[in-house]
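Since the structure is predicted, the reported quantities are computational estimates derived from the model, not experimental observations.
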Amino acid sequence: MKFEELNLESSIIKAVQEMGFEETSPIQAKAIPIVLEGKDIVGQAQTGTGKTAAFGIPLLQRINAKDKHLQAVILCPTRELAIQVAEEIRKLAKFMHGIKVLPIYGGQDIVKQIRSIKAGTQIVIGTPGRIMDHMNRKTVKFDHVTMVVLDEADEMLDMGFREDIETILSDIPKERQTLLFSATMPKPIMELARTYQKDAEIIRVVKKELTVPKITQYYYEVKKKNKNEVLCRLLDIYDPKLSLVFCNTKRMVDELVEVLKGRGYFAEGLHGDLKQSQRDRVMNGFRNGKTDILVATDVAARGIDVDDVEAVFNYDVPQDDEYYVHRIGRTGRAGREGMAFTFVVGREMYKLKDIMRYCKTKIKLQPVPSLKDVTNTKAEKVLNRVHEIILEDAHTKMLNLVEERIDEEEYTSLDVAAALLKIAMGLDEQPKEEEIAEDDYGDTGAESGMVRLFINIGKKNNIRPGDILGAIAGETGMPGRLVGTIDMYDKYTFVEVPRQYAAEVIHAMKSSRIKGKNINVEPANHK
């Protein structure tokens with residue numbers, strides 16, 4: 001359905017067009033006409049389905065801009081969501097004159113809020129606790145309120161706001177319109193609807209619309225200790241503009257952020273232990289692109305609504321099937337395409353199967369990318385850019401410089417191109433010992449086609465052959481069956497790997513640890 005078909009004010013349609021929306025989402029198409037008729041609704045919809053506009057558009061249509069009294073109240077579970085909803089409604093009201101929208105939440109100066117309410121605000125968006133605070137101070141008056149919205153009502157109940165919500169609803173005039181939006185429909189939600197709404201129409205977005213169809217979903221079977229490496233390889237291959245990485249614990253968020261920063265990525269963490277000022281700084285950095293990767297817990301991520309998130313990584317399989325839907329719904333927004341990657345360790349496969357059944361979606365198994373895949377992808381990206389520059393004829397000034405150098409030296413233009421590709425990919429910065437040519441290992445004492453490698457840990461480090469095998473296969477993505485003889489001694493180990501994998505194993509193992517110990521890997525007897 002087109003927005004023009006909804007009999008909306010021209011100023012709202014103009015704002016919707018400027019925001020880039022061409023047609024309504026399923027929840028908007030179902031909810032807006034019913035709300036415009038003045039009926040109460042219970043809407044089942046996830047974050048990312050366009051539900052803010054589903055209640056924001058009819059709410060604005062019914063507001064009297066000339067009347068400076070408070071006319072609409074929107075309750076949200078978190079300050080992040082309150083701020084986000086306020087921003088969206090301001091955008092929708094951009095061409096409407098005299099509309100004042102005010103988010104109110106804890107942690108903000110209440111005196112400023114009181115001043116803004118007194119100055120004349122028609123729409124207040126806030127957390128139940130802070131709205132109750134204003135009610136107790138008698139600084140907010142509901143006499144002229146004609147519409148109440150409960151956004152993410154299930155989250156508010158989970159967070160213990162039921163009593164506050166009931167107090168607020170009881171204080172607002174009975175002759176009002178009440179809109180309730182919730183991702184799930186548990187019994188307490190339906191009880192709220194029965195008690196505080198009049199003949200509410202129930203609108204459901206069917207399950208297949210809950211997971212956004214434009215999201216490509218993959219999973220990888222990984223060992224717990226290899227998750228960091230797999231994440232980094234996927235980040236390098238897909239190079240998403242902004243990424244969200246979900247962990248199940250605050251501790252894991254902190255650990256992963258340190259790992260990513262240590263590897264040169266622009267990453268920040270978000271979890272419940274952060275002070276509000278820290279949360280604001282992290283979110284601002286992510287919104288304006290200073291931070292590429294946001295690592296978060298499920299609770300901390302509530303209210304994150306950034307359109308440019310291109311990839312979501314489930315570093316840990318979510319504890320709850322529904323969390324999976326919430327998590328991946330943060331990419332592929334506003335009609336864009338998105339990617340979701342889930343790391344599965346051992347028996348977590350059963351949990352992933354439950355998620356697939358719940359979502360009625362197929363999550364495809366992908367092989368863990370090898371270092372070679374990462375290198376090839378980086379090369380392809382650089383060469384694609386080269387192709388664009390040549391088509392744009394933007395390289396002609398450089399031709400003379402290259403020609404002059406080739407005339408002076410004994411190498412070819414192909415040599416120059418290969419060397420520049422290496423520089424562009426950052427490979428020239430690797431230490432020289434990692435760049436041993438495939439056939440330059442000398443006689444390492446291995447059988448034909450293999451290279452014997454020396455590793456500086458052994459039996460006395462409480463290491464078993466299986467640990468060595470697991471580390472090599474996990475770090476490189478090389479099938480474990482290709483690893484040859486493993487000779488283990490008290491303080492060191494020799495292991496044979498196929499010649500074509502040797503350089504990759506040496507490079508990958510350089511930054512890895514086995515049972516918490518840093519290791520050194522080099523060709524045996526290499527001169």
Side-chain angles (χ1 to χ4, degrees), residues 219-234 236-237 255 259 263 315-317 341-349 352 365-376 430 433-436 438-526:
Y219 76 91
Y220 299 83
E221 291 189 54
V222 298
K223 290 189 172 71
K224 197 173 182 180
K225 62 183 179 182
N226 299 334
K227 284 184 179 182
N228 295 347
E229 181 62 30
V230 176
L231 175 62
C232 293
R233 288 185 193 181
L234 291 171
D236 289 346
I237 281 178
E255 285 177 12
V259 168
R263 291 186 176 210
Y315 191 83
D316 298 321
V317 174
F341 306 98
T342 302
F343 297 168
V344 179
V345 179
R347 295 180 66 80
E348 288 177 344
M349 193 59 231
L352 193 74
L365 173 64
Q366 288 287 98
V368 172
S370 66
L371 281 172
K372 199 171 183 181
D373 295 331
V374 176
T375 305
N376 290 345
Q430 288 178 1
E433 65 264 23
E434 288 180 11
E435 295 174 10
I436 301 163
E438 256 185 30
D439 296 318
D440 192 23
Y441 297 106
D443 180 13
T444 61
E447 63 178 84
S448 177
M450 306 289 275
V451 173
R452 197 166 191 238
L453 301 177
F454 167 86
I455 306 177
N456 65 335
I457 52 173
K459 292 176 188 170
K460 283 200 170 171
N461 301 106
N462 200 23
I463 304 293
R464 293 167 302 131
D467 299 321
I468 302 282
L469 177 66
I472 291 173
E475 291 293 331
T476 62
M478 177 180 86
R481 59 189 160 75
L482 297 183
V483 175
T485 308
I486 298 176
D487 293 321
M488 187 162 270
Y489 299 88
D490 283 350
K491 294 184 179 176
Y492 53 87
T493 302
F494 290 107
V495 59
E496 291 186 10
V497 297
R499 186 167 285 275
Q500 69 266 34
Y501 283 100
E504 191 173 332
V505 171
I506 291 167
H507 171 65
M509 299 292 278
K510 181 178 180 291
S511 57
S512 84
R513 294 158 76 92
I514 296 180
K515 287 203 171 171
K517 293 176 178 65
N518 290 323
I519 57 170
N520 180 45
V521 181
E522 57 189 59
N525 301 324
H526 179 64

Residues that [X] engages under salt bridge (Lys or Arg N to Asp or Glu O under 4.0 Å), provided they are two or more places apart:
X      : answer
Glu221 : none
Asp236 : none
Lys225 : none

(message) Does Glu496 form a side chain to side chain contact (heavy atoms under 4.5 Å, CB included) with Val483? I'd like the steps, not just the answer.
(response) CA-CA 6 Å; Glu496 291 186 10; Val483 175; over 6 Å; no
If every non-hydrogen atom of [X] is compared with every non-hydrogen atom of [Y], which pair is closest and at what distance?
X      : Y      : value
Pro369 : Leu234 : CG-CD2, 3.9 Å
Thr493 : Gly458 : OG1-CA, 3.8 Å
Ala524 : Thr444 : O-CG2, 3.3 Å

(message) Holding to side-chain hydrogen bond (donor to acceptor under 3.5 Å, both in side chains), I want the full list of residues that pass it with Asp316, two or more places apart in sequence or in another chain.
(response) Lys227
Check side-chain contact (heavy atoms from CB on, under 4.5 Å) between [X] and all other residues, then give those that pass, not counting sequence neighbours.
X      : value
Asn228 : Leu256, Val259, Tyr315
Pro465 : Ile486, Met488
Glu348 : Val317, Val344, Val345
Asn462 : Lys515

Please report the interatomic distance [atom1]([X]) to [atom2]([Y]), rounded to the nearest 0.5 Å.
X      : Y      : atom1 : atom2 : value
Asn456 : Asn520 : CG    : CG    : 5.0 Å
Ile519 : Ile514 : CD1   : CD1   : 4.0 Å
Asn226 : Cys232 : CG    : SG    : 12.0 Å

(request) Sort and list the pairs that fulfil salt bridge (Lys or Arg N to Asp or Glu O under 4.0 Å) and have at least one residue in residues 448-465, not counting sequence neighbours. (result)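 Qualifying pairs, neighbours excluded: Arg452-Asp487, Arg464-Asp467.
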(message) Tell me whether the count of non-hydrogen atoms from other residues, nucleotides or ligands lying under 6.0 Å of NZ in Lys517 goes above 12.
(response)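 For Lys517, atom NZ is crowded (more than 12 foreign heavy atoms under 6.0 Å).
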(request) For Val495 and Ile455, run side chain to side chain contact (heavy atoms under 4.5 Å, CB included): C-alpha distance rounded to whole Å, both residues' side-chain angles, the deciding distance at 0.1 Å, then the answer. (result) CA-CA 8 Å; Val495 59; Ile455 306 177; 3.7 Å; yes
Who pairs with [X] by ring pair (Phe, Tyr, Trp, His ring centres under 6.0 Å), at least two apart in sequence or on another chain?
X      : result
Tyr220 : none
Phe454 : Tyr492, Phe494
Tyr219 : none

(request) Any chance you could lay out the side chain to side chain contact (heavy atoms under 4.5 Å, CB included) test for Lys491 and Ile457, step after step, and finish with the verdict? (result) CA-CA 5 Å; Lys491 294 184 179 176; Ile457 52 173; over 6 Å; no
(request) State, yes or no, whether a side-chain contact exists between Leu453 and Glu522 at a heavy-atom distance under 4.5 Å. (result) no
(request) Could you give me the CA-CA distance, side-chain angles and deciding distance for Leu231 and Phe343, then say whether side chain to side chain contact (heavy atoms under 4.5 Å, CB included) is met? (result) CA-CA 9 Å; Leu231 175 62; Phe343 297 168; 3.8 Å; yes
(request) Answer yes when Glu229 and Arg263 have at least one side-chain N-carboxylate O distance shorter than 4.0 Å, and no when they do not. (result) yes
